[in-house]
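See below for the structure under consideration.
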Amino acid sequence: MPVTSTTICFRNIRLLAQIESVAPVVVAKKENCALVVRDGKVVKTVKDSGIRAGQYDSVVDLKGRAVIPGFVDCHTHLVYGGDRKEEAEKRATGESYLEILKQGGGIHNTVEATRKSGEEELYQTARARMKRMIQLGTTAFEIKSGYGLDLETEKKMLRVGQSLRDKLKVPVNLTYLGAHAVPKGWEREEYLDWVIENLPAFRGLADAVDIFCEQDVFSVKDLRRLFLRAKLLGFHLRAHVEELSHQGGCYEAAKLGALSCDHLEHALPKDIRAMQLSGSVAVLLPGVTFFLGGEKIAPAHSFIDAGVPLALATDCNPGSSPTYNMQTILYLAAFLYRLSPDQALAAGTLGAARALERHKEFGGLLPGQRADFNVLKTDDYRDLFYYFGDNFVDKTYLAGEMIR
Ligand code: NIG
Ligand code: FE
């Protein structure tokens with residue numbers, strides 16, 4: 001059977017940014033060019049002036065705008081029931097995130113609401129969130145469970161993630177976060193034993209296992225026990241570490257070969273050294289620093305100087321970062337960590353794809369990668385890092401097809 005192939009030329013691009021590498025950051029900037037896409041993948045870029053009529057199956061005029069890769073949101077908790085607006089109000093009067101959690105609020109409130117939500121209801125709310133994220137320029141996602149803390153609800157959350165992937169046809173990586181909090185009525189060790197024993201039930205549903213390693217939540221020893229087992233079962237490892245205090249989870253996670261260490265506000269030089277040796281990606285989540293009013297800023301430049309790949313993500317969740325917008329995250333990162341536009345853009349695209357181990361497939365808008373990209377409302381992507389609070393994404397393409 002003959003295989004039909006379609007070649008599209010996206011022409012009249014004023015400025016195209018391709019992310020060639022993340023550690024070190026290399027962004028190729030091409031002016032007045034066109035992007036040639038065959039069967040959903042980038043083939044090459046050509047000079048706009050050299051395009052001849054009839055050379056391609058179709059030509060799309062991008063009207064002198066800037067084009068950047070689609071954003072990759074490599075850390076989200078976007079499947080959940082209810083919201084936590086009341087808790088945000090409490091924090092405004094001085095109660096801390098961990099105090100609220102310790103008193104049985106915080107994550108526990110979302111667990112209760114998520115257990116009560118039917119699968120269809122969870123799917124519909126998560127779908128609306130994901131659609132909004134796509135409208136804001138995100139073309140690939142990671143989604144964690146962690147608001148069930150029981151077999152039935154954790155599986156329900158992951159099935160919702162699978163349905164989103166299948167029905168919205170966007171890349172989604174799923175992570176099992178059974179060790180997100182100790183559910184009410186359980187002792188910590190007893191619950192962790194349960195999580196470890198039941199890991200095999202999540203094979204095929206999630207490709208990675210995650211843990212919230214924090215004071216009064218799970219310890220470094222817990223992380224080690226969980227990860228040793230998860231690794232044997234073939235899961236990738238990710239960890240919420242050094243977020244609100246320094247516990248040592250990053251060092252341990254890196255030593256065990258974690259694909260990513262996330263948060264890292266309190267990371268120390270020896271943690272960064274361990275990540276450098278292990279090749280783990282540092283996933284920074286500036287939305288949390290902003291929303292929880294954290295004083296500790298993740299040492300982004302120390303990671304860069306050590307050659308540790310940097311990624312950025314929303315951490316979209318109802319308690320510590322209720323945002324859908326990667327543009328806001330990139331802006332906050334540039335501002336809080338003093339990143340250049342190129343460093344922030346690379347972290348929110350190819351760096352985040354690397355945290356998912358999918359950087360060969362997408363993230364840089366490079367030849368051979370899928371043509372996932374945003375056409376901006378402007379001809380200079382640095383506007384994203386200058387005018388704050390706006391939405392600069394005009395059109396979003398996934399595998400060369402417009403999805404908004
Ligand atoms: O990434 N740190 C722990 N987990 C989430 C927040 C979850 C929640 O508060 O609902 C985070 O910040
Ligand atoms: Fe998180």
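In each ligand, atom 1 is the first atom listed, and ligand 1 is the first ligand listed.
- Protein heavy atom nearest atom 11 (C) of ligand 1, with residue, atom name and distance: D315 OD2, 3.1 Å.
- Summary of contacts: the protein heavy atom closest to atom 12 (O) of ligand 1 is S320 OG, 2.6 Å.
- We find that E112 and K116 are joined by a salt bridge, their nearest charged nitrogen and carboxylate oxygen being less than 4.0 Å apart.
- Among the atoms of R84, some N or O lies under 3.5 angstrom from an N or O of ligand 1.
- Look at R14 and D380 and you find no salt bridge, because none of the NZ, NE, NH1 or NH2 atoms lies under 4.0 Å from a carboxylate O.
- A donor-acceptor pair under 3.5 Å is formed between the side chain of Q327 and the backbone N or O of L136.
- Close approach to H75 involves these atoms of ligand 1, each under 4.0 Å from a residue heavy atom: 1 (O).
- Salt bridge K377/D394: absent, no basic N to carboxylate O contact under 4.0 Å.
- Atoms of ligand 1 found under 4.0 Å from any heavy atom of H180, numbered from 1 in the order shown, are 3 (C), 4 (N), 5 (C), 7 (C).
- Of the listed residues (Y97, Y80, F212), the one carrying the non-hydrogen atom nearest atom 6 (C) of ligand 1 is Y97.
- When only modelled atom types and interatomic distance are considered, D73 and T314 share a side-chain donor-acceptor pair under 3.5 Å.
- Aromatic ring centres of F373 and F10 lie closer together than 6.0 Å.
- Regarding atom 2 (N) of ligand 1, its nearest protein heavy-atom neighbour is E243 OE1, 2.8 Å.
- Look at I107 and you'll find a heavy atom under 4.0 Å from some atom of ligand 1.
- Those atoms of ligand 1 that come under 4.0 Å of a heavy atom in Y147, given as number and element, are 7 (C), 8 (C), 10 (O).
- For the pair L264 and V241, the minimum side-chain heavy-atom distance is below 4.5 Å.
- Among residues at least two apart or in separate chains, side chain to side chain donor-acceptor pair (under 3.5 Å) pairs with a member in residues 16-25 are Q18-K30.
- Sorted by first and then second residue, the side chain to side chain donor-acceptor pair (under 3.5 Å) pairs involving residues 158-167 (not counting sequence neighbours) are E119-R159.
- Excluding waters, the set of protein N/O/S atoms under 2.8 Å from the Fe ion (ligand 2) reads H75 NE2, H77 NE2, H240 NE2, D315 OD1.
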Could you pull out every donor-acceptor pair under 3.5 Å between side chains of residues 270-278 and any protein atom, sequence neighbours left out?
from, atom 1, to, atom 2, distance (Å)
D271, OD2, H246, NE2, 2.9
D271, OD2, L268, N, 2.7
R273, NH1, Q276, OE1, 2.6
Q276, NE2, A306, O, 3.0
S278, OG, A274, O, 3.2
S278, OG, M275, O, 3.3
S278, OG, S280, N, 3.2
S278, OG, S280, OG, 2.7

